[in-house]
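So the structure is just underneath, and the comments pick up after that.
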Amino acid sequence: MKEECGVAGAILHDPAPPTNIVAFKLYYALYALQHRGQDSTGIVVFDGSKSKSIKSMGLVSEAYSKQKIQDLLGYVGVGHVRNATKGTHNLENCQPFVLNFKGGTIALAHNGSLVNAALLRDELESEGRIFTTDLDVEVIALLLVKELLKHSAVDAIKNVMRRVNGSYSLVIMINGDLYAVRDPFGIKPLCYGEIDGGYAVVSESVALDAINGKFVRDVKSGEILAFTKEGKVESYQTNKEDVAAHCIFEFIYLARPDSIIDGQLVYAARERIGKQLALEHPADADIISPVPDSGIAAAIGYARESKIKYLEGLMKNRYIGRTFILPSQEAREMAVRLKMNTINDNLRDNSVVLVDDSVVRGTTSRRIIDMIKRAGAKEVHLRVASPPIIGPCYLGIDMPTRDELIAVHKTIEGVCAAVNADTIGYLSIDGLVKAIGIDKSRLCLGCVTEQYPVDIPGEKCCRKQCRVDDFIPVQDLK
């Protein structure tokens, strides 16, 4: 599984004269969000009259030079990092998406996925609109331009929110002002903070830490935040009721462990997940070992609860690039060994509890467990820090189809045999909810329950969707 995007935006109170401060703030913020996307990145800044941008394939460290950043002069800007989905790995699909129109200039960076993007795209194409990318954000941008020709920025954003269905955390630059927008269920994370001389909006709080910012709070579900060059921050709430469906995999795997998301420190949540996993699935073992990096905090929690020694049996090579292009089975297995190596002396003659964040297809789990057994481990007891994944994600995680999910087609005992573990234990749904520390009614559990927070054709919806008449009238938004 891969997160598809990370977003960032920044604005200074005093716009004159234009400087490269915003560009550098965005660069370091995106660096801190690199885990959310490694395929492409982009920064757009605005100086009061025109926009200037850099977009590139690859990592943040590869995309920008010091000189390029120094040349990006402006007092407001937005940035993006992205993991490409199948068939969209090209420069044209890099964000932020910039559009010049009769009323000025907009730039948008989007994290999430629209369920009704195809329908909206068909509608816009029937009106004669021409698309240049495969991105949901272009659908949002074209809808927004239509509304901006008739309404104020906040009213235009609100009207677009009425049309789109799915997950979206957005940073939007409109004619020199910055807007942060989170979907009615707050599925994907978004927060904002104070920086020297202004404000920043980022996917995770660690990006604020990287730019010496001060975390203020998470953007609320259904909230529009407007940041002006005069230094004002205005909040507009579009939900009548306080609802949420935060993504569980931000806490299990996706977010950096040092991030605070929706009031919870991710590291602490993962450690509680490990403790709960030890209570639900104890094992008679010599050591507790994580699958790095995402299994580390859960393994520490498991070790503390079980009183079994924590000892790393795997070491991750953090300098290896992506290996999806490798053509043969042998090459893919070599890629696993390149990414991760066994510490044989820690594993030899030991019974091992291996803690991993999730089991998706099961192929990587099998290769890792085989490596551990070849290193001399007597037994490998796999403990999984999530419930079985039985549904695809439609809301922003690049996840296999239902046919590819191992837990859909096999019993737990069948999964255990398929990955060559001696025993296996999945965290329960209730245990996961308890460990995260957020009420079950405020979490998106679609991938483990097959019940989603929004209407998706062919799937079950676990709640009433936010519809047009669920929104507060425009004049009462603030």
Side-chain angles (χ1 to χ4, degrees), residues 5-82 91 94-100 104-111 137 141 169-180 190-214 225 227-231 233:
C5 301
V7 300
I11 186 169
L12 300 180
H13 298 164
D14 184 2
T19 71
N20 51 33
I21 293 174
V22 164
F24 274 104
K25 292 288 188 184
L26 291 174
Y27 167 75
Y28 288 114
L30 294 178
Y31 216 115
L33 296 173
Q34 187 73 87
H35 60 287
R36 299 187 75 86
Q38 297 89 47
D39 286 322
S40 66
T41 181
I43 292 174
V44 177
V45 299
F46 184 74
D47 64 5
S49 60
K50 63 182 183 301
S51 64
K52 193 172 183 179
S53 66
I54 300 174
K55 295 183 183 181
S56 176
M57 304 303 294
L59 301 174
V60 171
S61 59
E62 302 166 345
Y64 310 104
S65 66
K66 183 177 180 180
Q67 188 58 54
K68 286 181 179 179
I69 296 295
Q70 286 178 333
D71 292 341
L72 287 180
L73 303 180
Y75 68 88
V76 59
V78 296
H80 193 267
V81 289
R82 179 174 184 259
L91 188 61
C94 291
Q95 294 188 47
F97 185 80
V98 182
L99 197 59
N100 297 310
T105 300
I106 63 171
L108 300 89
H110 171 222
N111 175 30
V137 72
S169 283
L170 295 162
V171 288
I172 309 173
M173 183 179 68
I174 304 176
N175 294 333
D177 290 330
L178 182 68
Y179 299 85
L190 195 64
C191 65
Y192 84 96
E194 299 172 352
I195 58 174
D196 291 339
Y199 294 97
V201 181
V202 292
S203 290
E204 295 182 34
S205 62
V206 290
L208 292 172
D209 298 336
I211 58 177
N212 198 28
K214 179 183 177 182
L225 283 175
F227 302 87
T228 70
K229 53 184 173 287
E230 292 79 26
V233 182

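By convention here, the first residue in the shown sequence is residue 1.
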Note, [X] side chain near [Y] side chain (heavy atom, < 4.5 Å):
X	Y	value
Ser51	Phe46	yes
His110	Cys5	no
Leu190	Asn111	no
Val76	Lys229	no

As a test of understanding, state which of Leu33, Leu26, Thr41 forms a side-chain contact (heavy atoms from CB on, under 4.5 Å) with Val60.
Thr41

How many angstroms lie between [atom1] in [X] and [atom2] in [Y], if you round to the nearest 0.5 Å?
X	Y	atom1	atom2	answer
Ile69	Tyr28	CD1	OH	9.0 Å
Thr19	Leu72	OG1	CG	11.0 Å
His13	Phe227	NE2	CZ	9.5 Å
Leu99	Ile106	CG	CD1	5.0 Å
Tyr179	Ile172	OH	CD1	9.0 Å

Using distance only, find each side-chain donor-acceptor pair of residues 195-208 under 3.5 Å and give its atom names and separation, not counting sequence neighbours.
unit_1	atom_1	unit_2	atom_2	d
Ser203	OG	Val7	N	2.9
Glu204	OE1	His35	NE2	3.4
Glu204	OE1	Arg256	N	3.0
Glu204	OE1	Ser259	OG	2.5
Glu204	OE2	His35	NE2	2.8
Glu204	OE2	Arg36	NH1	2.5
Ser205	OG	Ile260	N	2.8

How close do [X] and [Y] get, heavy atom to heavy atom, and via which atoms?
X	Y	result
Leu108	Ala141	CD1-CB, 3.6 Å
Tyr31	Ser61	OH-CB, 3.6 Å
Leu30	His80	CD2-N, 3.4 Å
Val44	Ser53	CG2-CB, 3.5 Å
Ala107	Val78	CB-CG2, 3.9 Å
Ala109	Gly79	CB-O, 3.5 Å

Would you say the side-chain atoms of Gln67 and Ser65 include a donor-acceptor pair closer than 3.5 Å?
no

Is it the case that Thr105 and Asn100 place a side-chain donor and acceptor less than 3.5 Å from each other?
yes

If we ignore hydrogens and angles and just use 3.5 Å, is the side chain of [X] paired with the main-chain N or O of [Y] as donor and acceptor?
X	Y	value
Lys52	Asp71	yes
Lys55	Gln95	no
Lys25	Ile211	yes

Residues which pass side-chain contact (heavy atoms from CB on, under 4.5 Å) with Ser56, listed by chain and number, not counting sequence neighbours
Ala63

Hey, can you tell me if Tyr27 and Phe24 have their rings parallel, tilted or perpendicular (30° and 60° cut-offs)?
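Plane angle over 60°, so perpendicular.
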
Just do the side-chain contact (heavy atoms from CB on, under 4.5 Å) check on Met57 and Cys94 with the steps written out, would you?
CA-CA 8 Å; Met57 304 303 294; Cys94 291; 3.7 Å; yes

